[in-house]
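We number each residue from 1, following the sequence as shown. Note: hydrogens, waters and symmetry copies are ignored here, and every other heavy atom, side chains too, is used.
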Amino acid sequence: MTVLKTSLRNFLAHKGRMALSAVAVLLSVAFVCGTLVFTDTMNTTFDKLFAATSADVTVSPKAAEEEDNGPRTGRPEALPASLVQQVTKADGVKSAEGGVVSTSVTVVNSANKNMGSDSGAPTIAGNWTRNDLKSMDITSGHAPRGPTEVMVDADTADKHGLKLGDELRTIAVTGDIKAKISGIAAFKMTNPGATVVFFDTATSQQKLLGKPDLFTHVSVTAEEGVSDARLKQQLAGALDGPYKFQTAKEAADSGREEVGSFLDVMKYAMLGFAGIAFLVGIFLIVNTFSMLVTQRTREIGLMRAIGSSRKQVNRGVLVEALLLGVVGSILGVGAGVGLAVGLMKLMGSMGMELSTQDLTVAWTTPVVGLALGIIVTVVAAYIPARRAGKVSPMAALRDAGTPADGKAGWIRAGIGLVLTGSGGALLFLTTQAEKASEGSLFLGGGVVLTLIGFIVVGPLLAGVVVKAISAVVLRMFGPVGRMAERNALRNPRRTGATGAALMIGLALVACLSVVGSSMVASATEELDKSVGADFIIQSGPSGPIVPEAEKALRAAPDIEHVTSYKMIKAELTSPDGKKETEELAAADPTYAEDLRRETVAGELSAAYGKNAMSVGSDYAGRHGIKVGDTMTVAFKGGETAKLRIAAITSDESNVDKGAMYINVTTAAQYLPADRVPPNLIMFAKAVDGKEKAAYAGLKKALDAYPQFTVQDQTDFKQGLKDEIGQLLNIVYGLLALAIIVAVLGVVNTLALSVVERTREIGLMRAIGLSRRQLRRMIRLESVVIALFGALLGLGLGMGWGTTAQKLLALEGLGVLEIPWATILTVFVGSAFVGLFAALVPAFRAGRMNVLNAIATE
């Protein structure tokens, strides 16, 4: 009880010094709890949506769950309409209705503006059924009654200012549907951002499926007293065919599983960054308690002299850490809920609507947050607590914070050098690996060991690196600069720990910058070397390039040729008798000009001949295939063909690696017309000297199809750079949390250092040091510590990135590019971070009363 009272008194007495450490705990816990609440809320939203939209039992084509050509064709797999009558006659069925749903559509308004979501949520078109009334209400107008009427969801109408009577055009592979809005329907629960349009049943069948006698599914309602499971069993027994039966729960679980895989990736990625923030926070907590123990050396010595045992002193410091962890974690849990709400608002601005009414705080979330915050804080304080327990009663006779407290231990330095050397050896082995999978293990071990090694050896490095930085940065500031340097070197262990906190975040920034820049440079070089086409036409997320858009492209002026590119699934039987399901790239013969592929045998142009094909060198090597061999190809949904191997392409290239080519006419010969998929991508070459006119012509040809993009090679490279840049910016944004915690560490170290040096500061002021010079000294000390951490972090990160690029080279990305502009910007920015971190400590130091400071014990 005495230990608890003493600890509580000390905690309250030093609450100002504990504040920044508490903020670090708060931020880290908030990020963890915010991530959990946000993802749980998204799960709740989708669970409600799937539960509300699922029929008692849903009958759908079994082929829809298999990887087939259905999605490639832009038409969903379908059932015969006659199945509805068969289902109705089955025992236990109250009612059944056929449904049509397609996500391979794009909806545009009269100005050709895409009405789809910007967040990646799908655009869904289908027929309005009784089952939809379970999840939606018609709030204005009426359901569609013919081919010229369409109903839209209320969220899309609000977002794009749509009203009754406005015209919408729905673009599908089977043709365009122009219709005026006859009604607006609102979801009874949250719509996470999908754009939904409804047509009458006949229009949906004809325009979305291409035939009037098809449905994509049948929604079945059970008679009263018949369970979903029993109804499913009875339907499975009554219907003979390739059908899939799902109860409402199974359908909801299936939808949840699809969305859950994406949410899990996002959740664990964000928790990983929270872990980095926790790691950085450990340094802040260790530094805080180490300095507090040093400053209270005489006090602890007196306690020991009057009878306190080592265990009691040790326990007292740990209780203070426990209090810090509890306070920081409780505040962090609350802040985490606020962060989750903020993330929901951010997603709302991006098009994914999440209602705060669905806010889900599971009981495990605060438990996890509290446990993590408290455990990490107590563990971080263990070493300072153990050091406090070793304070001798004789320390009561000495001044606090003796110079010996700051010496870096040679044993620690030795361990750090061994760890760093071991990590360096693993990084070297990474560069010698022949397979990326093998090298990745060495890379992971090397990164971990070098990071730990740099952290452990930090005090030794501080003595060398700080002197080098000071020689360049601080010498121009004269005596004030030299005092700042000596203050930074006074306690190498403290400087090393403070710099290490900043080092971790910046090392990851540097590593990812090198990897991202190298990927862009490698891809750019590969494109320059391989792509011969002038223009690339890409499809959007809503589906392949529709035939009308293809016709418009082929009719564009100043074009020498336009090349089709389709993906077709087939089962291949190699000459050695082994069967594998692969995707074949069906293209026009001009594709051999548009993409220059090296061959190890044969001529690629021959692969576009009648009943001919090519294979990649890796596939050929596995099956002992050579030019002239015959491959049995069973096209999914079509006939079986015997195709001759006319060429073997090199898989050294990263573009179209492993692709197997056939002519589009060969594919059309063995597939029914409705099973030949539209183009996923197309290529075009301009007439010599008319590239600009051709570019403008292609763009004009696609004015009516905003979901497709025309890019020349410059556009394509910039798009690739922007895509990687956006991903890196997201990562940098998440790493900013760790860097903020590291900055708090610098602030805390300086603030406690100022308190520790109160008497010294008073004496310096007494002998003539001005307030301005004092503030400058503290700011320069902060700058040199920040630059020390930045130099270590950037150097370490570039080492990691350079090594990682060696693994990328094994996958065809062989160009190493170090983004010096980014590296230098981050390094210079670190100096400003140091200046910012020193503002409050320097201001407080400058306001000290000289006489009171000198009189301080």
Side-chain angles (χ1 to χ4, degrees), residues 20 283-284 287 290-291 294-295 401 403 405-408 458-503 506 742-794 827-848 850 853-854 856:
L20 291 177
F283 292 100
L284 196 163
N287 258 4
S290 293
M291 296 177 75
T294 300
Q295 292 169 21
D405 294 337
K407 291 183 179 178
L460 180 63
L461 293 175
V464 178
V465 177
V466 169
K467 285 182 181 179
I469 295 174
S470 300
V472 177
V473 177
L474 302 185
R475 287 291 185 263
M476 67 183 74
F477 294 98
V480 172
R482 286 195 294 275
M483 284 191 290
E485 175 187 352
R486 289 171 185 171
N487 285 333
L489 291 171
R490 174 181 294 188
N491 194 324
R493 182 176 294 172
R494 182 190 304 163
T495 300
T498 306
L502 193 59
M503 174 189 76
L506 296 185
V743 171
L744 292 176
V746 177
V747 175
N748 214 23
T749 297
L750 289 173
L752 291 172
S753 179
V754 166
V755 173
E756 187 179 88
R757 304 198 312 254
T758 299
R759 189 177 184 188
E760 175 188 320
I761 290 171
L763 288 170
M764 287 192 295
R765 291 277 287 114
I767 62 174
L769 189 70
S770 68
R771 289 185 176 181
R772 184 178 180 183
Q773 288 174 316
L774 175 62
R775 288 194 293 265
R776 180 181 296 170
M777 179 186 74
I778 293 171
R779 287 197 298 267
L780 291 175
E781 179 184 351
S782 178
V783 167
V784 80
I785 291 174
L787 290 178
F788 163 67
L791 195 62
L792 293 188
L794 295 175
F827 184 72
V828 173
S830 299
F832 287 99
V833 165
L835 282 174
F836 173 78
L839 289 179
V840 174
F843 177 75
R844 289 186 62 189
R847 293 187 63 189
M848 279 187 185
V850 176
I854 293 173
T856 300

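For residues 829-843, there are no salt bridge (Lys or Arg N to Asp or Glu O under 4.0 Å) pairs, not counting sequence neighbours. Applying the side-chain hydrogen bond (donor to acceptor under 3.5 Å, both in side chains) test to every pair with at least one member in residues 466-478, sequence neighbours left out, gives these pairs: Arg475-Glu485. Among pairs with a residue in residues 776-786, those fulfilling side-chain hydrogen bond (donor to acceptor under 3.5 Å, both in side chains) read Arg757-Glu781, at least two apart in sequence or across chains.
Among all heavy-atom pairs drawn from Leu780 and Gly481, the shortest one is CD1-CA, 4.1 Å. Nearest heavy-atom pair across Leu474 and Ala484 is CD1-CB, 4.3 Å. For the residue pair Ala831 and Val783, the shortest heavy atom distance occurs at O-CG2, 3.6 Å. The shortest non-hydrogen separation linking Gly463 to Leu489 is CA-CD2, 3.7 Å. Taking each heavy atom of Leu506 and Ser830 in turn, the nearest pair found is CD1-OG, 3.6 Å.
Partners of Ile469 by side chain to side chain contact (heavy atoms under 4.5 Å, CB included), not counting sequence neighbours, listed by chain and number: Val465, Val473, Val784, Leu787, Phe788, Leu791. In terms of the side chain to side chain contact (heavy atoms under 4.5 Å, CB included) criterion, residue partners of Leu839 (sequence neighbours excluded) are, by chain and number, Phe836. Taking the side chain to side chain contact (heavy atoms under 4.5 Å, CB included) definition, one finds that Ala786 meets it with Leu502, sequence neighbours left out.
Side-chain contact between Leu774 and Met777 is present, with heavy atoms from C-beta onward closer than 4.5 Å.
For the atom pair CG of Asn487 and CD1 of Ile785, the computed distance is 9.0 Å after rounding to the nearest 0.5 Å.
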